[in-house]
Amino acid sequence: MMDALAILKTVFGYPAFRPPQDEIIDHVAGGGDALVLMPTGGGKSLCYQIPAIMRGGSAVVVSPLIALMADQVAALTEAGVRAAVLNSTLDAERARQVEQDFAAGRLDLLYVAPERLVTPRFLDLLGRATPALFAIDEAHCVSQWGHDFRPEYIELAVLHERFPAVPRIALTATADALTRQEIVARLKLDAARIFISSFDRPNIRYTIVPKDGGREQLLRFIEQRHRGAAGIVYCLSRRKVEETAAWLSARGVAALPYHAGLDAATRAAHQQRFVDGEGIVMAATIAFGMGIDKPDVRFVAHLDLPKSIESYYQETGRAGRDGAPADAWMAYGLSDVVQQRRMIDESEADEDFKRVSRAKLEALVGLAETPHCRRVQLLAYFGESSAPCGNCDNCIAPPRVVDATEAAQMALSAVYRTGARFGAGHLIDILRGRTTERVATLGHDRLKTFGVGSDRDERQWRALFRHLVASGILIADAEAYGALRLTTAARAILKGEQSVQMRENTVEATARKRSRRTADESPAAGADAGLLARLRDWRRRTAQAHGVPAYVIFHDATLAEIAARSPADVDGLAGIPGIGAKKLERYGPELLALIGAAGDTVDAPV
């Protein structure tokens with residue numbers, strides 16, 4: 001592994017591997033196949049980039065998104081690695097040159113989309129080249145049970161059929177047991193070693209709050225925790241994306257919308273502003289995010305419930321890739337469950353797919369409702385055991401668990417006496433004794449349950465109905481516009497044979513609490529603020545001159561280390577993580593001039 005470690009230090013500027021990177025690299029560089037499950041920000045890319053440099057020939061990296069390819073190629077090129085991309089953004093002349101370089105072995109890595117790889121033209125090109133290895137990134141896209149299914153991925157089994165001696169490494173940040181099985185089967189990775197790193201992202205604080213005016217809650221969260229920071233806000237619909245971006249902008253947050261309905265030029269411009277800039281908040285559908293390699297996203301927020309824990313984990317994992325403290329925040333209500341259930345039931349998928357989708361949704365709702373450590377439950381979903389983390393909302397401000405049996409009996413009785421034809425809003429009116437026009441017209445003010453729960457406010461009743469749905473005691477009938485129906489589990493509660501224990505409804509108690517990881521532990525702690533500002537300004541101008549995102553030049557953590565250490569010579573710079581030999585040669589003199597100039601400006605290179 002000395003060769004691999006030397007590459008890590010001299011090319012990428014890092015002193016040591018994170019387990020199990022060294023094992024994976026050793027296995028793949030030696031010709032073995034691998035399936036790698038490693039969280040976002042865990043260093044998956046190095047697991048194929050270093051073997052690609054070690055082995056003879058050129059590695060082929062299959063990636064689903066153009067943005068991801070461009071960012072990785074830009075970062076590799078900055079580090080002195082011979083990398084290129086072959087996709088629709090290239091003109092014919094440039095594409096021919098890349099193909100010639102690849103066939104002649106003049107590239108260490110070539111990035112392609114799955115659609116291009118399986119074409120006869122590219123397979124013929126592969127036959128004329130010497131592939132070092134095949135890396136299949138975002139491998140969960142092969143699974144029809146997954147959250148980002150791409151049918152083109154299924155055809156990638158052709159690599160094993162045509163090039164059985166070339167090692168393959170499939171990588172993903174999210175795959176439960178079912179998805180892992182399908183990846184192995186679809187890609188014919190039966191003989192592959194499976195490496196499962198911890199799914200834990202300890203720098204991310206998970207917070208899920210009852211939805212109560214979602215946008216106002218979101219704004220308070222941003223102002224209290226991340227004013228002026230980069231973040232992503234996920235919404236389910238295009239309309240909500242645009243309304244949220246406009247609403248935040250009107251309140252002083254630099255927000256942009258992103259969804260598939262925008263024209264390509266607008267999407268590209270907004271994405272570029274987000275990637276290149278600092279402090280931009282992107283309101284987006286899930287069309288945005290996969291392949292965005294921005295390390296300094298400080299929060300990911302959800303104003304609507306995702307489809308599954310896999311989706312939630314993948315989307316929240318886009319925060320804090322640099323290892324600094326970050327937040328995953330979500331506002332969730334009963335209407336979110338009804339909406340997702342309706343989308344499943346009304347889809348054209350077969351019954352098996354719908355059944356699995358409902359189970360995945362129920363697991364996510366269980367995560368939202370749990371009074372226990374969210375990280376423990378999240379990791380358990382992926383088969384990993386852990387202890388309470390101390391850095392989620394339930395650990396920071398543990399909710400009280402209360403006996404809600406009597407209230408649950410009232411709620412279930414109201415469902416039964418109204419014929420299970422109404423949603424939570426109407427049932428709450430009955431329980432609280434509100435004589436609305438609808439209640440009076442239907443005669444529901446004469447029911448025995450009318451007014452029996454007047455001592456509870458609407459928020460408390462909504463929390464109870466949400467818990468009953470999450471626990472499988474009630475089910476939201478999507479075909480009846482969210483009408484709540486009793487399940488067989490309700491009988492024992494109505495008869496007093498089973499109790500109902502639930503978390504007490506608290507509203508954003510953790511917003512005022514400090515996590516175990518404070519701002520003092522961030523990468524910028526101890527840095528000279530003035531020097532750090534000058535370094536960031538230099539990085540911005542240098543990135544603009546090179547036409548790449550700022551983090552391709554250096555990550556925030558590297559600049560913070562420079563500002564904290566203020567090295568006086570090249571040897572001092574060489575010891576800072578993230579500064580490899582090529583970057584030291586290219587940028588060392590300018591960085592040293594900045595450090596020594598006590599505020600003088602250094603021109604960016606052209």
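This chain uses plain numbering: 1 for the first residue, then up along the sequence. Keep in mind it's a predicted model, so treat the numbers as computed, not measured. Worth knowing before you read on, the calculation uses all heavy atoms, side chains too, and leaves out hydrogens, waters and symmetry mates.
Note: Gln544 CD to Arg540 CZ = 5.0 Å, rounded to the nearest 0.5 Å. Within the model, atoms CG of Leu171 and CG of Leu35 stand 8.0 Å from one another, a figure rounded to the nearest 0.5 Å. In this structure, Thr542 OG1 and Leu535 CG are separated by 10.0 Å, a value rounded to the nearest 0.5 Å. In this structure, CZ in Arg565 is found 5.0 Å from CD1 in Ile576, a value given to the nearest 0.5 Å. In this structure, the separation between CG on Asp200 and CZ on Phe382 is 12.0 Å, given to the nearest 0.5 Å. Between atom CG of residue Leu110 and atom CZ of residue Phe122 there is a gap of 5.0 Å, rounded to the nearest 0.5 Å.
Within a 6.0 Å radius of CZ in Arg251, other residues, nucleotides and ligands contribute more than 12 heavy atoms.
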Arg106 and Gln97: CA distance, side-chain angles, deciding distance, side-chain contact (heavy atoms from CB on, under 4.5 Å) verdict: CA-CA 11 Å; Arg106 291 191 290 267; Gln97 183 60 56; 4.2 Å; yes
Apply side-chain contact (heavy atoms from CB on, under 4.5 Å) to residues Tyr234 and Val300 and explain how you reach the verdict. CA-CA 8 Å; Tyr234 283 112; Val300 170; 3.8 Å; yes
Candidate pair Phe12 and Ile50, rule side-chain contact (heavy atoms from CB on, under 4.5 Å), full reasoning: CA-CA 10 Å; Phe12 297 98; Ile50 290 179; 3.9 Å; yes
Could you walk me through whether Leu8 and Leu5 pass side-chain contact (heavy atoms from CB on, under 4.5 Å), step by step? CA-CA 5 Å; Leu8 180 71; Leu5 189 58; 4.1 Å; yes
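The ring pair (Phe, Tyr, Trp, His ring centres under 6.0 Å) search around Tyr312 returns His302, not counting sequence neighbours. Checked against side-chain contact (heavy atoms from CB on, under 4.5 Å), Ala95 has the following partners two or more places apart in sequence or in another chain: Leu86, Leu90. The side chain to side chain donor-acceptor pair (under 3.5 Å) test applied to Lys582 returns no partner, not counting sequence neighbours. Take Asp263 and apply the side-chain contact (heavy atoms from CB on, under 4.5 Å) test, not counting sequence neighbours, and it matches Ala265, Thr266. Listed by chain and number, the residues in a side-chain contact (heavy atoms from CB on, under 4.5 Å) with Ala75 are Val552 (sequence neighbours excluded).
Taking 4.0 Å as the cut-off between side-chain N and carboxylate O, Lys294 and Asp296 count as a salt-bridged pair. Between Arg321 and Asp556, no side-chain nitrogen of the basic residue sits less than 4.0 Å from a carboxylate oxygen of the acidic one, so the salt-bridge criterion is not met. Taking a cutoff of 4.0 Å between a charged side-chain nitrogen and a carboxylate oxygen, Arg150 and Glu138 do not qualify as a salt bridge. The pair Asp537-Arg534 does not count as a salt bridge, with every side-chain nitrogen at least 4.0 angstrom from each carboxylate oxygen. Electrostatic pairing of Glu243 and Arg215 counts as a salt bridge here, judged by a charged N lying under 4.0 Å from a carboxylate O.
Ring orientation note: the planes of Tyr313 and Phe199 are nearly perpendicular, at an angle over 60° on the 30°/60° scale.
Between Ala255 and Ser249 the shortest heavy-atom distance is O-OG, 3.1 Å. Minimum interatomic distance between Ala132 and Ala59 (heavy atoms only, all atoms of both residues): CB-N, 3.9 Å. In terms of heavy atoms, Tyr153 sits closest to Pro64 at OH-CD, 3.3 Å. Summarising the geometry of His546 relative to Ile553, their closest heavy-atom pair is ND1-CD1, 4.1 Å, with the distance given to 0.1 Å. Closest heavy-atom contact between Arg539 and Ala550: CD-O, 3.3 Å. The two residues Leu218 and Ala301 come nearest to each other via the heavy atoms CD1-CB, 3.7 Å.
Judged by distance alone, the side chain of Arg298 and the main-chain N or O of Pro325 form a donor-acceptor pair under 3.5 Å. Formation of a donor-acceptor pair under 3.5 Å by the Arg375 side chain with backbone atoms of Ser386 is not found in this model. Judged by distance alone, with hydrogens and angles left aside, the side-chain atoms of Asp528 form no donor-acceptor pair with the main-chain N or O of Ser566 at under 3.5 Å. Judged by distance alone, with hydrogens and angles left aside, the side-chain atoms of Arg205 form no donor-acceptor pair with the main-chain N or O of Asn391 at under 3.5 Å. Looking only at distances, no side-chain donor or acceptor of Asp304 sits under 3.5 Å from a matching main-chain atom of Cys235. A donor-acceptor pair is defined here as one N or O able to donate and one able to accept, closer than 3.5 Å; such a pair exists between the side chain of Asp108 and the backbone of Arg82. Using a distance-only test at 3.5 Å, with no hydrogens or angles considered, a donor-acceptor pair links the side chain of Gln21 to the main chain of Arg18. In this structure, the side chain of His140 does not engage the main chain of Ala173 through any donor-acceptor pair within 3.5 Å. A donor-acceptor pair under 3.5 Å is formed between the side chain of Arg201 and the backbone N or O of Gly317.
Side-chain contact of Thr285 with His259: a donor-acceptor pair under 3.5 Å is absent, judged by distance alone. If you check the side chains of Tyr111 and Asp137, you find no donor sitting under 3.5 Å from an acceptor.
Screening residues 33-45 for salt bridge (charged side-chain N to carboxylate O under 4.0 Å, His left out) gives Asp33-Arg168 as the qualifying pairs, with residues at least two apart or on separate chains.
Between Phe554 and Lys583, the closest side-chain pair of non-hydrogen atoms falls below 4.5 Å. Taking the side chain as every heavy atom from C-beta outward, Ile396 and Thr207 never approach each other to under 4.5 Å. Looking at Val60 and Phe102, their side chains come closer than 4.5 Å, going by heavy atoms from C-beta outward. Under the 4.5 Å side-chain criterion, counting only non-hydrogen atoms from C-beta, Asn394 is not in contact with Ile208. Side-chain contact between Gln314 and Ile286: absent, with no pair of heavy atoms (C-beta onward) separated by less than 4.5 Å. Side-chain contact check for Ile25 versus Met54: some heavy-atom pair is nearer than 4.5 Å. Proximity of Asp26 to Phe17: side-chain heavy atoms (C-beta onward) are nowhere separated by under 4.5 Å. The shortest side-chain heavy-atom distance between Met330 and Pro306 falls under the 4.5 Å cut-off.
For an aromatic pair to be called close, the ring centres must be under 6.0 Å apart, and Phe221 with Phe299 satisfies this.
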